[in-house]
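On a predicted model such as this, the values are computed, not experimentally measured, just so you know.
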Amino acid sequence: MLEAVKNKYSQLNQKVLKITKMKYFNELYAGLLAVITILGWNFSSNAGMIVMILLAISALLLTRDLKYVIPHCIYFIFLFSDAFTPEAMPIPVIVFGGIFAIVILVYSFKDGIHLKKMKSLLGLVGLAITTILPLIWCKIPEGNEVYYFLYFGNLGYLLLYMIMTNGIKENGTNLLAVTMSYLAIILACECALKVYSLRDEYESILQMWYYLGWGLCNEAGIMICLSIPFVFYLLGKQENLRGMIFQNFKIIIAIVGIVLTTSRGSYIFGLLEVGILYLVLLFTAKKARLYQNAFLVYSIGIIIVVLCLKSPITDLLEKILHMVFTDKLDDNGRLELWKEGLERWRKGPLTLILGSGMTCYIQYSHTQIGFVPAPIVFHSTILESLVAGGIVGLIFMVILIVQKYRNLKKMDSLMFLCVGIGFFIVDLYGLIDNTYHMYYFMLPLMVIMSTVDTSSIALIKELETK
């Protein structure tokens with residue numbers, strides 16, 4: 001009886017895996033999960049999380065491969081449309097996230113731990129240790145003890161990386177790229193829905209500054225910038241005009257999303273990224289001549305649209321330029337924040353070497369739940385690393401970044417070029433805004449890095465067998 005059940009399960013597994021090899025499976029799969037994410041965020045985060053968890057469990061049972069929960073892991077946090085409170089962590093996130101973690105943990109380590117697959121382990125282990133150590137000498141003010149969990153953030157990212165790296169069995173490059181391409185659409189839709197809900201409170205979209213629940217509008221801009229290079233990778237891989245048009249449609253939505261974030265950094269770094277990647281693909285696309293012809297038509301179309309809608313487009317561009325370079329050409333308090341961070345890092349030899357901790361600076365701030373005590377982050381990868389983990393912490397952050405690029409180089413040249421350019425621009429962006437150490441950035445990054453590490457090994461094996 002048991003043997004018969006095993007045989008049936010094995011047959012079902014093979015049938016499902018056969019379906020996953022269909023041409024448009026990844027687009028349909030990630031697209032469906034993206035729609036669920038948008039609907040869950042807009043109507044009910046709890047319901048959305050439950051559906052996402054059930055679908056993830058089903059995917060694992062049917063495929064036995066964590067490759068097929070890449071979209072679930074990346075989209076999960078962007079379902080959350082409500083704010084955290086200092087008094088209590090949201091129970092649904094803890095419960096549902098715990099169930100999700102247990103299931104993928106079982107599937108990841110049932111065949112043991114594969115250290116050879118984990119090419120980015122050193123930087124992550126070092127960051128986890130250096131951000132936990134300050135607990136020994138750093139105390140959080142009474143009444144804000146809930147923030148102690150922030151010290152274990154990098155440990156959580158390390159565990160996610162280990163789970164995904166051990167559990168991904170096949171090359172997940174395409175599914176990862178498609179997943180990230182739809183993340184840009186998810187974020188653009190969330191920004192659009194939020195902007196629409198606030199339409200009567202502001203005279204102009206560019207005046208808006210808003211919360212999305214899981215993060216701020218400028219943080220959505222950062223994540224769109226991280227997602228866009230994957231769309232260009234898919235664009236460069238297309239072999240027909242229909243595919244190119246479809247991927248360009250995603251890019252247009254992502255650009256609209258960037259505009260809706262009202263973030264100066266996203267305007268500068270995001271639009272720079274788009275421009276560079278469009279030019280790079282002129283020479284590196286798989287079907288370069290077809291891409292060049294499509295690019296020419298695409299450019300002519302843009303010119304025609306601009307000429308037909310000259311007045312509103314000119315007004316919008318003037319407002320954006322005014323906002324970026326005139327009206328808001330200031331540091332938005334960053335200089336004072338950086339000075340404060342440097343002072344806390346340089347308190348003494350111990351903090352210089354090992355840092356002052358993730359919550360060394362708590363003050364009352366305006367948040368989605370009101371004016372409450374909240375940990376302050378320092379809007380700089382370098383400074384945040386120094387404050388959180390000292391010189392040692394910064395060294396491990398540099399190691400992690402180097403590993404990120406080094407392992408990406410083992411992928412195919414187009415992915416290395418497109419995603420590498422995107423990584424570099426987002427890392428530059430991180431010098432003046434919050435990227436590393438932030439959960440909305442680190443959780444997707446861990447899935448990206450684990451997929452890259454396992455997929456590069458898969459590519460090597462494929463070459464060896466040919």
- Nearest-0.5 Å distance that lies between atom OG in S380 and atom CG in D433: 10.0 Å
- Message: Can you confirm whether L160 sits close enough to M442 that some side-chain heavy atom of one is under 4.5 Å from a side-chain heavy atom of the other?
- Response: no
- Less than 4.5 Å apart, any side-chain heavy atom of Y151 and any of I140? yes
- With sequence neighbours left out, what residues match I245 under side-chain contact (heavy atoms from CB on, under 4.5 Å)? L241
- Task: Locate the shortest heavy-atom distance separating I224 from A184; write the atom from each residue and the value.
- Result: CG1-O, 4.3 Å
- Task: Evaluate the side-chain proximity of M446 to M164: yes if any heavy-atom separation is below 4.5 Å, no if none is.
- Result: no
- Item | Between CD1 on residue I304 and OG on residue S299, distance to nearest 0.5 Å | 11.0 Å
- Task: Could you note down all residue pairs passing side-chain hydrogen bond (donor to acceptor under 3.5 Å, both in side chains) where residues 272-281 supplies at least one of them, sequence neighbours left out?
- Result: N248-Y278, Y278-Y298
- Taking T261 for its side chain and G221 for its backbone only, find out whether a donor-acceptor pair lies under 3.5 Å. no
- Does the side chain of T262 reach to within under 4.5 Å of the side chain of N218, using non-hydrogen atoms? no
- Item | Closest heavy-atom pair and its distance - H72, M52 | CD2-O, 3.4 Å
- Identify whether the distance between the nearest side-chain nitrogen and carboxylate oxygen of D412 and K286 falls below 4.0 Å. no
- Would a 4.5 Å heavy-atom cut-off, applied to side chains only, mark F378 and V387 as touching? yes
- Message: Could you tell me if Y68 and N26 have a donor-acceptor pair between their side chains, going purely by distance under 3.5 Å?
- Response: no
- Task: Specify the closest pair of heavy atoms between V178 and A30, including all atoms of both residues, with the distance to one decimal.
- Result: CG1-CB, 3.7 Å
- Message: Quick one: does any side-chain atom of T351 pair with a main-chain N or O of W345 as donor and acceptor, under 3.5 Å?
- Response: yes
Can you give each donor-acceptor pair under 3.5 Å made by side-chain atoms of residues 422-432, sequence neighbours left out, with the distance rounded to 0.1 Å?
from: D427; atom 1: OD1; to: K404; atom 2: NZ; distance (Å): 3.1
from: D427; atom 1: OD1; to: Y436; atom 2: OH; distance (Å): 2.8
from: D427; atom 1: OD2; to: K404; atom 2: NZ; distance (Å): 3.0
from: D427; atom 1: OD2; to: Y405; atom 2: OH; distance (Å): 2.7
from: Y429; atom 1: OH; to: S263; atom 2: OG; distance (Å): 3.1
from: Y429; atom 1: OH; to: S266; atom 2: N; distance (Å): 3.1
from: Y429; atom 1: OH; to: S266; atom 2: OG; distance (Å): 3.1

- Message: Do Y182 and S227 make a side-chain contact, defined as non-hydrogen atoms from C-beta onward lying under 4.5 Å apart?
- Response: no
- Message: Quick check: closest heavy atoms across P229 and L277, and the distance to 0.1 Å?
- Response: CA-CD1, 3.9 Å
- Side-chain ion pair, E340 and R344, N-O less than 4.0 Å: yes
- Item | S450 vs I168, side chain to side chain contact (heavy atoms under 4.5 Å, CB included): CA-CA, chis, key distance, verdict | CA-CA 8 Å; S450 61; I168 294 175; 4.3 Å; yes
- Query: Any donor and acceptor pair, going by atom type alone, linking the side chain of T359 with main-chain N or O of P375 inside 3.5 Å?
  - Reply: no
- Between V452 and M411, does a side chain to side chain contact (heavy atoms under 4.5 Å, CB included) hold up when you go through it step by step? CA-CA 7 Å; V452 166; M411 304 297 288; 3.9 Å; yes
- List the atom of C138, the atom of S356, and the distance in Å for their closest heavy-atom pair. SG-O, 2.6 Å
- Message: Could you check whether W214 and E190, counting side-chain N and O atoms only, form a donor-acceptor pair closer than 3.5 Å?
- Response: yes
- What do you reckon, is CZ of F249 surrounded by more than 12 foreign heavy atoms closer than 6.0 Å? no
- Could you walk me through whether T179 and L183 pass the side chain to side chain contact (heavy atoms under 4.5 Å, CB included) test, one step at a time? CA-CA 6 Å; T179 297; L183 177 60; 5.9 Å; no
- Between T173 and N171, does any side-chain donor sit less than 3.5 Å from a side-chain acceptor? yes
- If you look at every heavy atom in P444 and I77, which pair is closest and at what distance? CD-CD1, 4.4 Å
- Query: Checking side chain to side chain contact (heavy atoms under 4.5 Å, CB included) for the pair L124/N154: CA distance, chi angles, key distance, verdict?
  - Reply: CA-CA 7 Å; L124 289 168; N154 283 312; over 6 Å; no
- Answer yes or no: is there a side-chain heavy-atom contact under 4.5 Å between L176 and I74? yes
- Measuring from C189:SG to K194:NZ, what's the distance to the nearest 0.5 Å? 15.5 Å
- Q247 side, atom CD; K237 side, atom NZ - distance, nearest 0.5 Å: 12.5 Å
- Ignoring hydrogens and geometry, is there a side-chain-to-backbone donor-acceptor pair from S455 to G172 under 3.5 Å? yes
Distance-only check: which donor-acceptor pairs under 3.5 Å involve side-chain atoms of residues 36-43, not counting sequence neighbours?
from: T37; atom 1: OG1; to: L33; atom 2: O; distance (Å): 2.8
from: W41; atom 1: NE1; to: L212; atom 2: O; distance (Å): 2.8

- Query: Taking L150 as the fixed residue, which of Y147, F152, Y148 is the one that meets the side-chain contact (heavy atoms from CB on, under 4.5 Å) rule?
  - Reply: Y147
- Message: Distance check, rounded to the nearest 0.5 Å: L226 atom CG versus F230 atom CZ?
- Response: 6.0 Å
- Please list all pairs passing the side-chain hydrogen bond (donor to acceptor under 3.5 Å, both in side chains) test where one or both residues lie in residues 47-57, with sequence neighbours left out. none
- Between atom OH of Y29 and atom CD1 of I70, what is the distance when rounded to the nearest 0.5 Å? 9.5 Å
- Expected output: side-chain N407 to main-chain D453 donor-acceptor under 3.5 Å: no
- Message: Whether R199 engages the ring of Y196 as a cation-pi pair (distance to the six-membered ring centre under 6.0 angstrom, angle to the ring normal within 45°) should be assessed.
- Response: yes
- Task: Please check if the side chain of Y161 supplies one atom and the backbone of V447 the other of a donor-acceptor pair under 3.5 Å.
- Result: no
- Query: Looking just at side-chain N and O atoms, do T454 and T165 make a donor-acceptor pair shorter than 3.5 Å?
  - Reply: no
- Taking salt bridge (charged side-chain N to carboxylate O under 4.0 Å, His left out) as the test, write out the residues that go with K250, two or more places apart. E27
- Item | Close side-chain approach of Y157 to L127, heavy-atom, < 4.5 Å | no
